[in-house]
Amino acid sequence: MASIGKIARRTFLVGAAAIAGGVAVGYYFYRQPWPNPLEGETAEGEATFNPFVKIASDNTVTIIVPRAEMGQGVTTTLAAMVAEELDLELDAIKVEHGPASGAYFNSAMMEEGGPFPQFDHSMVAETMRSVSSAIGRTLGLQVTGGSSSTRDAYEKMRHAGCAARMLLVEAAAKEWQVPANSLTTAGGKVEHAGSGRSKTYGELAVAAASIDPPSEITLRPKSEWKLLGKPQKRTDLLAKVTGAPIYGVDIDLPDMLYGTVRMSPRFWAKIKSADTSAAEKMPGVVKIVRLETQTGDGFGVIAENTWAAFNAAEAIEAEWGDSDYPADSAGISKKLQDALAGPDGSSLRDDGDVDTEFADAPADNVLDVAYEVPYLAHACMEPMNATARLKDGVLDIWAPNQAPTIIQQVCGGVLGLEGENVNVHTTYLGGGFGRRGEVDFSIYAALMAKETGGRPVKVTWSREEDTRHDTYRPAAAGHFRARLGSDGLPQAVDMRIATPSVLQSVMRRTFPSLSPAGPERLLTEGAFDQPYTIPNYRVTGVPTDLSIPVGFWRSVGNSFNGFFHESFMDEIATKGGIDPVELRRKLMADYPTALKVVETVAQMSSWSESAGAGRAKGIAFTLSFGGWVGEVVQVAQTNDGIRIEKVWIAADLGEVLDPAIVEAQLISGAVYGLSSAMSQEITFADGAVEQSNFHDYDAMRIHQAPEFEVTLLENAPQMGGAGEIGTPPSVPALANAVYALTGKRIRNMPLSKEVSFA
Amino acid sequence: MSRLAMIVVLAAISAPALVSIGAARADGLSEWATIHKVFSHPRCANCHVEDERPRWSGDHYGGAGMHGFNIKRGTDGSGFGNPGQRCAVCHFEANSGKPHGPPGAENWHLAPAEMAWFGQSSALICAQIKDPERNGDRTLEEVADHVRSDPLVAWGWNPGPGRQPAPGSAEETYRALLRWISFGAPCPGT
Amino acid sequence: MRLTVNNQPIEIDADPDMPLLWALRDLAGIKGPKFGCGIAACGACTVLVDGAPVRSCSLPVGAVDGDVTTIEGLPEGNTLHVVQQAWLEMQVPQCGYCQAGQIMSAVALLEEVDEPSDADIDDAMSGNLCRCGTYPKIRAAIKQAAELKTKLGA
């Protein structure tokens, strides 16, 4: 039977989560504990205190950061939470991702999945949040997404560090027979000032880990923080400037084979006929296998090197079935328009009486416009890949991924293995942006590993395969109306948005036997949940039946709804003859956090002053993932086209734990959004994606990159995420600036359809 | 001889010559038309630009557009690109076998700006070809030799997968140039 | 087939048509150069051949006629190249996947231009795509590296 101490260590994390949920300070046992996955995996002389801390006898302190490092700095900020409480500098610790485990569930991500704006603290909204959080915990969903890593870890990882330090101190106190409160910790040692005695954490670790965890912990007060709240040198950068083999594509195992996939260019279409004989005879080819999976149909090519696999994949002759969605972009657009015109839809915001307001509205006072945005690819720099080995009934998968426990479950299911026989090793990610929360790349590698007699196979997609088999940001169409009052302010706004459901699409390919229910916030997030007060205000989402795979693309629904909402606000301001900043000042009066953000960014950008001849500015604001973000974009007309000169960002995400990393994330998010707005679109012909590589699906390059200025505010009542919030307002701020510069109100993305960029 | 008679006589003498010059000009222009089809073809004209930027074109691009990635002639005017980003970073001695991969030939670079063909009228291209100040100080025979023997020019007819080659061949274009020269190298009117 | 990579002779058994990138990565185990696009459109695979940058994904290994330098070959002993030092100092990378290519292009630029202007940087680095948007920091780090280089008299 497990000792109480052991159980306590195992239950640590869920206890900490209860605290994160706001129950109390202290920690609690919970009925369904997740075991500490590090138990039994420690090396000789190494001790584990909880799922986040391991200390070896040579004083190596390893912090487990169970979130995917895709550039957003989790291996620094989350490690700093633990190091802060352990009184260690960041360069004195080692960071590992650790195994896939339910113990590393993400409850914060689930919390904001409900159909409520983030500023809604009503009983219903809060109850839903805590239920969703509990679901995250119970399912043990270890996921990196929803800009939630820092929020989720904030309490539990500091608790992990603190609890470990207290045990180390207690072990020393016992050994030296002195009171624990006479001991101090610094530089990886416990010290007794009175006697001058000291011991390293490593020397105390084994004894400390056998002590029952403390029943009460007191975290370091903010005033004593040495690391948190200050910019840290990132723990992952030395590896990244020296070309260290840290990514999925860099996995190298003894006896490893290489591979790639060639999946149906039409989603969900089956193979009608195929001839692989020429491909099989190509040099270096080991085997070509059929892949019939829940994410698509096609072929896996196993070869002696990646290049041979790519060549053979191109040489496969295949005829594919037809698509079950309109075969071209015009047909897809029509489907969205039909949905928009139809009767369906649910309104997560419906204030006042919109229909009555429009029934008697004088035509001159009404704005009535149509918007549309295309599908978008994630285009991570590292193409999709995974390495798999199936040996002695155990499947090992090495993959740059955002959802290891889901991969464990789904790949186990596909191969008929229990979860405990599936090990998922998460590498660094060469970009994620939501794409790597998917299971397709892991499924294909797992199935191919069945065909290699136990040899590992590293399966790398070509860029063309990656571009044409993404889980896209959905296309969307909007029909927006506003009735303006005599003061120029909107007295009624009605936004109707048609777009395919991301959740249904994700479920179809990830858990085909389940289907989501209830109103889906992703359809209209970024439009229904914004901090504006308009007396008659309705935002309706119309789920549109299109089976092209869609997924989580940096900021998800906010990425297009932010554009819809904020570009439409700009139109309202123009029609009402009100300055766009002034309009927001009036409509955001009930939300001081939003107001302050808008006023800050207006001041930073000298909004009230003209940008000068041939230049113009545009503003937008979006609240997403707990981050209140205003952006002003300045554009200039040049001989080579429009140049984005400068972007000012004011963001309030409550408490900021690493200002340098948050600033970098905001800029990153804006570059991602601006890239899409300038020129990106995924279009369809013959049921297949037309774009294939960076020559026709490019992104912002250095010569197009503007100067950035960022101000971080800390007024928001809750901590927000950082990774995605820079994206939504960047798109409308640019579109609004282009309007101010050219007089062209571009309602169909990308902007390059109507203007050219330098 | 009366003035009128003189005119008649002159007309009688010069008429065949006029006819013959007229015929040569027509034949020459017909040869030029063949040559112009080559010179103005995207495989040639895309790198004979007046400005700093090579062009990309093809059905897939919806007409000619700028070469991606901010690729330029080079601040030194050499046509070989800029420090850190010479043409030869991507364009090697042979074509990439991949669709949309970088095409290649020896000495890949932009033609000097004064040899601009892209977006120019047939008359202007013709005038440029004949102007030693703007054709690399070549005689027309040397221009023809250049077309026949230069490996980078030859690329135009062997442009790699997915690209439409220039019409005809280097040899055919060379012969058309020689015939055009023999007909007096006429240029079309502007 | 014999290549010289980072001053080391290496022997590989490669089809001469195989791109240098795959010969390095899959055959020689040198993983610094990254696969991004396969058509010289993103710059992640950039290496130097006799000091000149090339996109190794599109250069057949059989056409390599000089000494190859990858990011692994930049440091001298335990000392990072000034460009790497500047990259660390300015905390440039995010996901980091494109950065080996960015660094190689920056090294090549600084070999030719001692004090690159913004325009020089734009003209040298626009072939290197970064999806994380680290461009402002890349710009700052190149200038920092130029200063470091001058200071060291390198």
Side-chain angles (χ1 to χ4, degrees), chain A residues 69-73 231 233-234 236-247 249-250 252 258 283-284 304-308 310 379-383 428-433 460 462-464 660 664-665 667-672 675 693-695 698-705 707-708, chain C residues 14-15 17-19 21-23 25-27 29-39 41-42 44 70-72 74-75 80-81 83-85 87-88 91-100 102-103 118-119 121-139:
Chain A
E69 178 58 84
M70 46 188 152
Q72 82 284 39
K233 291 278 179 196
R234 293 178 53 139
D236 54 340
L237 295 202
L238 182 61
K240 289 176 177 177
V241 304
T242 52
I246 56 175
Y247 303 97
V249 292
D250 299 332
D252 205 344
Y258 299 80
E304 283 160 13
N305 60 69
T306 311
W307 184 67
F310 282 175
C380 301
M381 286 303 300
E382 180 187 16
Y428 280 83
L429 281 62
F433 315 119
T460 308
S462 67
R463 172 59 58 189
E464 290 76 12
Q665 280 305 295
I667 292 171
S668 174
V671 169
Y672 203 76
S675 291
N693 206 316
F694 293 124
H695 67 284
D698 205 0
M700 182 183 276
R701 303 272 174 158
I702 195 167
H703 69 287
Q704 299 167 314
E707 198 187 320
F708 283 90
Chain C
D15 181 328
D17 285 340
M18 177 186 283
L21 174 71
W22 294 114
R25 290 185 56 83
D26 287 2
L27 306 186
I30 296 166
K31 307 283 181 38
K34 296 292 186 255
F35 168 58
C37 69
I39 60 165
C42 78
T70 71
I71 186 138
E72 290 93 337
L74 286 186
L80 296 179
H81 190 282
V83 173
Q84 292 172 303
Q85 291 177 34
W87 244 245
L88 267 185
Q91 296 275 293
V92 174
Q94 290 189 23
C95 92
Y97 194 81
C98 72
Q99 298 296 347
Q102 303 276 6
I103 288 170
D118 284 339
I121 293 171
D122 286 350
D123 288 344
M125 303 294 296
S126 48
N128 289 85
L129 180 63
C130 171
R131 287 291 276 144
C132 299
T134 62
Y135 302 127
K137 287 192 174 189
I138 288 175
R139 191 182 295 284

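Lettering of chains follows the sequences in order, A, B, ..., and the numbering in each one begins at 1. Excluded from the calculations below are hydrogen atoms, water molecules and symmetry mates; all remaining heavy atoms, backbone and side chain alike, are included.
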Under 4.5 Å from any heavy atom of chain A, what part of [X] do you find: side chain, backbone, both or neither?
X	value
C:Asn128	backbone
C:Val83	neither
C:Ile30	neither

Using a cut-off of under 4.5 Å for heavy-atom pairs, which of [options] has the most such pairs with chain A?
options	result
C:Leu21, C:Ile103, C:Ile39	C:Ile39
C:Cys42, C:Ala100, C:Pro33, C:Gly38	C:Cys42
C:Arg25, C:Gln91, C:Glu72, C:Gln84	C:Gln91
C:Gly32, C:Cys37, C:Gly133, C:Pro136	C:Cys37

- request: Would you please name every residue forming a ring-ring contact (aromatic ring centres under 6.0 Å, His included) with C:Phe35, sequence neighbours left out?
  value: A:Phe310, C:Trp22

task: Name all residues meeting the ring-ring contact (aromatic ring centres under 6.0 Å, His included) criterion together with A:Phe433; count only those two or more places apart in sequence or in a different chain, and write none if there are none.
output: A:Tyr672

Among [options], which has the most heavy-atom pairs under 4.5 Å with chain C?
options	result
A:Leu238, A:Asp250, A:Val671, A:Thr242	A:Asp250
A:Ala660, A:Gly243, A:Ala308, A:Gly432	A:Gly243
A:Gln72, A:Glu382, A:Glu69, A:Met70	A:Glu382
A:Val249, A:Asp698, A:Thr460	A:Val249
A:Cys380, A:Gly430, A:Ser668	A:Ser668

Do [X] and [Y] come close enough that some side-chain heavy atom pair is under 4.5 Å?
X	Y	answer
C:Leu129	A:Arg701	yes
C:Gln99	A:Leu237	no
A:Ser675	C:Arg131	yes
A:Lys240	C:Gln94	no

- prompt: Is it the side chain or the backbone of A:Phe708 that comes within 4.5 Å of chain C heavy atoms, both, or neither?
  reply: side chain

Measure across [X] and [Y] and return the closest heavy-atom pair with its distance rounded to 0.1 Å.
X	Y	answer
C:Cys98	A:Met381	CB-CE, 4.1 Å
C:Cys95	A:Tyr247	O-OH, 2.7 Å
C:Ala41	A:Phe694	CB-CB, 3.9 Å

field: Euclidean distance, C:Thr134 OG1 relative to A:Ile702 CD1, rounded to 0.5 Å
entry: 7.5 Å

- prompt: Could you give the distance from CD (A:Gln704) to OH (C:Tyr135), rounded to the nearest 0.5 Å?
  reply: 8.0 Å

